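Only one structure is covered here, and it is reproduced in the block below.
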Amino acid sequence: MNLQENVLLKNYSNYKIGGPAKHFIEVESTEELKDVLRLVNSQAQDKIAILGGGTNVLISDEGFDGLIILNRIKGIEREGGNLRIGSGTSIQDILEYCIENSLSGLEWAGGLPGTIAGAVRGNAGAFKGETKDNVVEVESLGLENLNEKIRNNAQCQFGYRNSIFKSGEGLDEFITHVVLELTLGDQEEIKEKIKQKIDYRNNRHPMNYPSLGSTFKNISLDSLSPGLQKEFAEIVKIDPFPIVPTTKLLALCGLKGKRVGGAMISDKHPNFIVNIDNATAKDVKALIEIAKQIIREKYNLSLEEEIIYLG
Ligand SMILES: Cc1cc2nc3c(=O)[nH]c(=O)nc-3n(C[C@H](O)[C@H](O)[C@H](O)COP(=O)(O)OP(=O)(O)OC[C@H]3O[C@@H](n4cnc5c(N)ncnc54)[C@H](O)[C@@H]3O)c2cc1C
């Protein structure tokens, strides 16, 4: 067990932002994870946080005063028509496996960064697809009681960028494995569909700077007053239900290119706040507050973060 101290988290963050973790460990299997948890729980001192690909978390400049467990439980096993996947496997590796084995269903996730555990927890989605569409079962381990659970799709209580692991009774659980259902398809078609999504992202998103993807959730059309529904009728998108894209509202409010310190609201896709020059978490939070305030003043709407705060 290689328990490290004072590990700089910016090196594990897609944003390249974040101070040190008091303690830090990588786990490669459920057994290793159990050993770590037994040790930590017996000493009963550290708070625990989990890190996957670090593509959705804004880590504080002060770091994390506890133990970070970096998920490296990887591997893909074929179980009939399904795949049982180690939760630290990247979406990119799963898509490469899908192409090699002509498995269809996950093409919507082309270019989605991060691990399958992160995608399950936040029910990541794009191009009208959502992680929940493919999930059969999720295996998890209680961080405190080490209870092993297997939940089927309905029991995961998936919602818009949400699941039982993000805001329900699974909050204190470590997702260890995910079973996905895919179907046999045409290899060239699968490859082409994935490539289209990656190309779209490369064209539309500011991929040349570190980011966490979309900062805020989109706004459900249903939640708007009839007046605003009318005002935004032209920009409504179905993703996967009718939404007003937050990026359009930020653009309408003139926030493109707005800078605080080393952080900037992207002028290419304003829902991305990019790290253009050694940004701090404080810089990013200041921009988040500015955006929220302006949207509140102009439309009387409350933006909700899609990104997660750590530390
Ligand atoms: C360029 C870019 C584009 C993006 N595009 C999209 C998009 O189109 N759609 C979308 O939905 N998201 C998008 N994202 C956000 C992000 O990629 C996804 O949310 C992704 O699923 C997060 O996975 P991760 O492994 O990086 O999670 P992390 O950022 O490491 O963690 C996210 C949360 O999950 C928790 N977590 C991680 N692993 C586990 C585990 N094993 N058990 C329990 N909890 C765990 C963490 O504690 C944290 O709270 C984008 C991000 C970037 C940088």
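Just so you know, ligand 1 is whichever comes first in the structure, and atom 1 is the first atom listed for that ligand. Predicted model only: the values in this text are computed from it and were never measured. Just so you know, these numbers use all the heavy atoms, side chains as well, and skip hydrogens, waters and symmetry mates.
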For atom 32 (C) of ligand 1, state which one of I308, T89, I73 supplies the nearest heavy atom.
-> I308
Going by the order shown, which atoms of ligand 1 are within less than 4.0 Å of some heavy atom of A126?
-> 8 (O)
Looking at ligand 1, does F174 have a heavy atom less than 4.0 Å from it?
-> yes
Ligand 1 N/O within reach of S214 N/O, cut-off under 3.5 Å | no
Check the pair E297, Q293 against side-chain hydrogen bond (donor to acceptor under 3.5 Å, both in side chains), reporting the backbone distance first and the verdict last.
-> CA-CA 6 Å; E297 279 167 10; Q293 192 187 337; 3.0 Å; yes
For atom 26 (O) of ligand 1, which protein heavy atom lies nearest, and how many Å away is it?
-> T55 OG1, 2.6 Å
Under 4.0 Å from a heavy atom of G125: give me the atoms of ligand 1 that qualify, with their elements.
-> 7 (C), 8 (O), 9 (N), 10 (C), 11 (O)
For ligand 1, which atoms sit closer than 4.0 Å to a heavy atom of A124?
-> 10 (C), 11 (O), 21 (O)
Is there a heavy atom in K166 that sits closer than 4.0 Å to ligand 1?
-> no
How many angstroms lie between CE in M264 and NZ in K258, if you round to the nearest 0.5 Å?
-> 12.5 Å
Determine, stepwise, if the pair K195 / E192 fulfils salt bridge (Lys or Arg N to Asp or Glu O under 4.0 Å).
-> CA-CA 5 Å; K195 183 180 173 301; E192 181 53 31; 5.4 Å; no
Has K47 got its NZ or CZ under 6.0 Å from the middle of the six-membered ring of F64, at an angle within 45 degrees of the ring axis?
-> yes
Please write down residue, atom name and distance for the protein heavy atom closest to atom 5 (N) of ligand 1.
-> R201 NH1, 3.1 Å
Closest non-hydrogen atom pair between I73 and F174, with its separation | CD1-CE2, 3.9 Å
Which ligand 1 atoms are under 4.0 Å away from a heavy-atom of N71?
-> 41 (N)
What residue and heavy atom of the protein are closest to atom 48 (C) of ligand 1, and at what distance?
-> V57 CG1, 3.7 Å
If you have a sec, work out which protein heavy atom is nearest atom 37 (C) of ligand 1 and how many Å separate them, to one decimal?
-> G52 N, 3.9 Å
Has K292 got more than 12 heavy atoms of other residues, nucleotides or ligands less than 6.0 Å from its NZ?
-> yes
Among all residues two or more places apart in sequence or in another chain, which pass the side chain to side chain donor-acceptor pair (under 3.5 Å) test with D239?
-> none
List in chain and number order the residues that pass ring pair (Phe, Tyr, Trp, His ring centres under 6.0 Å) with Y309, two or more places apart in sequence or in another chain; answer none if no residue qualifies.
-> none
With distance as the sole test, does E181 use its side chain to make a donor-acceptor pair with the main-chain N or O of V136 at under 3.5 Å?
-> no
Of all the non-hydrogen atoms in the protein, which one sits nearest to atom 6 (C) of ligand 1, and at what distance?
-> L112 CD1, 3.4 Å
How are the rings of H205 and Y200 set relative to one another: parallel (under 30°), tilted (30 to 60°) or perpendicular (over 60°)?
-> perpendicular
Does ligand 1 have an atom under 4.0 Å from some heavy atom of G122?
-> no
Short list, please: which atoms of ligand 1 are under 4.0 Å from a heavy atom of N14?
-> 53 (C)
Is it the side chain, the backbone, both or neither of E173 that has a heavy atom closer than 4.0 Å to ligand 1?
-> backbone
How far does CG of L95 sit from CG of D93, to the nearest 0.5 angstrom?
-> 9.0 Å
Nearest-neighbour protein heavy atom for atom 25 (O) of ligand 1, which is reported as residue plus atom name and distance | T115 OG1, 2.6 Å
Within 4.0 Å of some non-hydrogen atom of G114, the atoms of ligand 1 are 23 (O), 24 (P), 25 (O), 26 (O)
Check whether any heavy atom of R121 sits under 4.0 Å from an atom of ligand 1.
-> yes
Would you say P113 and ligand 1 have an N/O pair spaced under 3.5 Å apart?
-> yes
Candidates L70, N56, L143; heavy atom nearest atom 15 (C) of ligand 1 found on N56
Which heavy atom of the protein is the closest neighbour of atom 41 (N) of ligand 1, given with residue, atom name and distance?
-> I175 O, 3.0 Å
Looking at S211, which atoms of ligand 1 are within less than 4.0 Å of one of its heavy atoms?
-> 1 (C), 53 (C)
Atom indices of ligand 1, in the order listed, that fall short of 4.0 Å to a heavy atom of A119 = 21 (O)
Under 3.5 Å: donor-acceptor pair, side chain of N162, backbone of F158 | no
Of the backbone atoms (N, CA, C, O) and the side-chain heavy atoms from C-beta on, which set of I50 has a member under 4.0 Å from an atom of ligand 1: side chain, backbone, both, or neither?
-> both
Which residue holds the protein heavy atom closest to atom 23 (O) of ligand 1, what is that atom called, and what is the gap in Å?
-> G118 CA, 3.4 Å
